[in-house]
Amino acid sequence: MKCSLCPRRCNAERTNEQNVNGFCKMPLLPKVARAALHFWEEPCISGKNGSGTVFFSGCTLDCAFCQNYDISHDGFGKQISYQRLADIFKELEEKGAHNINLVTPTQFVPAIIRALDIYKPKIPVVYNSGGYDTVEVIRALKGYIDIFLMDLKYLSCERARLYSGAENYPEYAVSAIQECYTYQPVCEFKDGIMQKGLIVRHLLLPQGTNEAIKVFDWVRENTPNAYFSIMSQYTPLGRAENMPIINRRVTKREYDKVLSYICSTGFENVYIQERESSDKKYIPPFNLEGI
């Protein structure tokens with residue numbers, strides 16, 4: 001197939017086994033680096049039992065600071081069949097996972113749909129995306145996804161270009177999130193665990209307080225029933241270690257400025273990550289567990 005799944009629309013020639021000249025370098029058959037219970041998502045996602053995370057290889061973005069660099073940029077992982085992916089969903093469900101959490105899924109949306117047609121879990125399915133999605137892809141997922149866990153990394157085209165190699169990120173991310181909101185306009189919970197809804201995440205970057213505030217304002221004005229998650233886990237990794245401005249962690253002053261503004265608005269649908277989360281120990285090991 002000629003691929004136009006993501007906003008890059010690079011028209012890569014993708015077969016089951018190969019990807020010719022494509023940005024994400026991923027074939028059609030899913031490639032996975034880890035499938036296991038994960039406890040470091042938002043409380044309504046991880047709960048007590050953990051979220052059944054499936055970490056897909058490859059990515060449609062080129063984030064200089066990606067903490068999953070080995071799988072997103074270097075493509076580490078194991079290629080599996082649609083049937084095996086469906087079996088993984090069932091195995092995670094049987095382990096007591098609160099949900100099936102599809103991490104960095106955009107490049108494998110057709111494969112995910114094939115697998116969910118084989119086996120649709122009885123627990124919620126989470127689409128955990130960097131936000132660089134087309135409206136067409138989100139529409140294709142209608143009826144398959146219960147929870148959209150979407151990044152809104154930037155509203156600045158220049159920062160999107162500089163740090164993720166995607167100058168058009170803002171226009172696509174806001175359109176995709178608005179489309180998600182049309183499908184899941186209300187968040188539903190059972191015993192504190194989200195069953196349906198939309199969570200919009202923003203990773204606070206160094207010298208990024210003004211953008212974080214703009215992103216927060218956009219979320220509460222455009223998707224008022226969604227939850228906003230402000231993340232402070234930024235750690236300079238990969239190319240970011242050699243990039244001015246983002247080659248350090250977020251300061252307490254930056255963190256406090258954003259939190260103070262969020263609290264001043266009275267908006268209650270907020271998850272706030274503690275500054276102590278900025279630690280490499282929270283990065284999961286990509287060792288093909290569960291594959």
Side-chain angles (χ1 to χ4, degrees), residues 1-6 8-38 45 50-61 68 70-72 74-130 132-150 176 180 183 284 286-291:
M1 65 170 281
K2 293 285 188 180
C3 186
S4 59
L5 275 178
C6 85
R8 295 187 188 277
R9 302 188 191 277
C10 64
N11 286 317
E13 185 64 47
R14 296 178 70 182
T15 67
N16 283 345
E17 307 292 338
Q18 292 183 317
N19 180 313
V20 180
N21 298 322
F23 182 87
C24 73
K25 303 180 179 65
M26 291 295 110
L28 290 177
L29 284 174
K31 194 173 183 182
V32 181
R34 177 180 171 86
L37 297 178
H38 187 60
I45 300 295
S51 176
T53 51
V54 180
F55 287 90
F56 291 97
S57 305
C59 187
T60 60
L61 289 170
N68 298 344
D70 289 347
I71 65 173
S72 64
D74 294 340
F76 174 78
K78 181 181 178 181
Q79 197 170 43
I80 59 175
S81 66
Y82 305 123
Q83 180 64 58
R84 178 58 194 144
L85 183 58
D87 290 343
I88 287 172
F89 297 161
K90 188 173 184 179
E91 289 164 10
L92 289 170
E93 183 179 30
E94 291 172 347
K95 288 180 179 179
H98 291 297
N99 44 64
I100 301 300
N101 187 352
L102 309 170
V103 183
T104 320
T106 305
Q107 62 276 13
F108 290 118
V109 163
I112 289 167
I113 290 173
R114 288 278 296 271
L116 288 172
D117 282 338
I118 295 171
Y119 180 74
K120 180 66 164 70
K122 298 176 181 64
I123 52 179
V125 177
V126 182
Y127 188 77
N128 186 341
S129 169
Y132 198 42
D133 291 282
T134 64
V135 167
E136 292 81 6
V137 159
I138 301 302
R139 287 175 180 165
L141 292 166
K142 185 178 181 181
Y144 290 96
I145 301 300
D146 304 290
I147 300 167
F148 289 97
L149 186 53
M150 304 288 285
C180 295
Y183 299 143
F286 299 117
N287 53 10
L288 302 183
E289 179 180 351
I291 310 303

Novice: State, yes or no, whether a side-chain contact exists between Leu141 and Ile113 at a heavy-atom distance under 4.5 Å.
Specialist: yes
Novice: Tell me which pairs pass ring pair (Phe, Tyr, Trp, His ring centres under 6.0 Å) where either residue lies in residues 91-110, with sequence neighbours left out.
Specialist: Phe56-Phe108
Novice: By side chain to side chain contact (heavy atoms under 4.5 Å, CB included), which residues pair with Tyr119, not counting sequence neighbours?
Specialist: Ala86, Phe89, Lys90, Glu93, Pro121, Lys122
Novice: Going from CZ on Arg34 to CG on Leu288, what distance comes out if it is rounded to the nearest 0.5 angstrom?
Specialist: 10.5 Å
Novice: If you compare all heavy atoms of Ala111 against all heavy atoms of Pro30, which two are closest, and at what distance to 0.1 Å?
Specialist: CB-CD, 3.8 Å
Novice: Can you name the salt bridge (charged side-chain N to carboxylate O under 4.0 Å, His left out) partners of Lys2, sequence neighbours left out?
Specialist: Glu13
Novice: Sequence neighbours left out, what passes side chain to side chain contact (heavy atoms under 4.5 Å, CB included) with Thr106? Give chain and number order.
Specialist: Cys6, Thr60, Tyr127, Ser129, Asp133
Novice: Going by side chain to side chain donor-acceptor pair (under 3.5 Å), name the residues that satisfy it together with Asn101, two or more places apart in sequence or in a different chain.
Specialist: Glu41, Ser51, Asn128
Novice: Tell me every residue that passes ring pair (Phe, Tyr, Trp, His ring centres under 6.0 Å) with Phe286, counting only those two or more places apart in sequence or in another chain.
Specialist: Phe55
Novice: Can you name the side chain to side chain donor-acceptor pair (under 3.5 Å) partners of Tyr132, sequence neighbours left out?
Specialist: Asn168
Novice: Who pairs with Arg84 by salt bridge (charged side-chain N to carboxylate O under 4.0 Å, His left out), at least two apart in sequence or on another chain?
Specialist: Glu91
Novice: Considering residues at least two apart in sequence or located in another chain, which fulfil the side chain to side chain contact (heavy atoms under 4.5 Å, CB included) criterion with Lys142?
Specialist: Tyr183
Novice: Using every non-hydrogen atom in the two residues, find where Leu29 and Glu17 come nearest and quote the distance to one decimal.
Specialist: CD1-OE2, 3.8 Å
Novice: Between the side chain of Asp146 and the main-chain N/O of Val125, is any donor-acceptor distance below 3.5 Å?
Specialist: yes
Novice: State which residues pass side chain to side chain donor-acceptor pair (under 3.5 Å) with Ser72; sequence neighbours excluded, sorted by chain then number.
Specialist: none
Novice: Inspect the surroundings of CD in Glu136 and state if more than 12 heavy atoms from other residues, nucleotides or ligands are less than 6.0 Å away.
Specialist: yes
Novice: Can you name the residues that form a side chain to side chain contact (heavy atoms under 4.5 Å, CB included) with Leu37, not counting sequence neighbours?
Specialist: Phe39, Lys95, Ala97
Novice: Tell me, please, which residues at least two apart from Asp87 pass side chain to side chain donor-acceptor pair (under 3.5 Å).
Specialist: Gln83
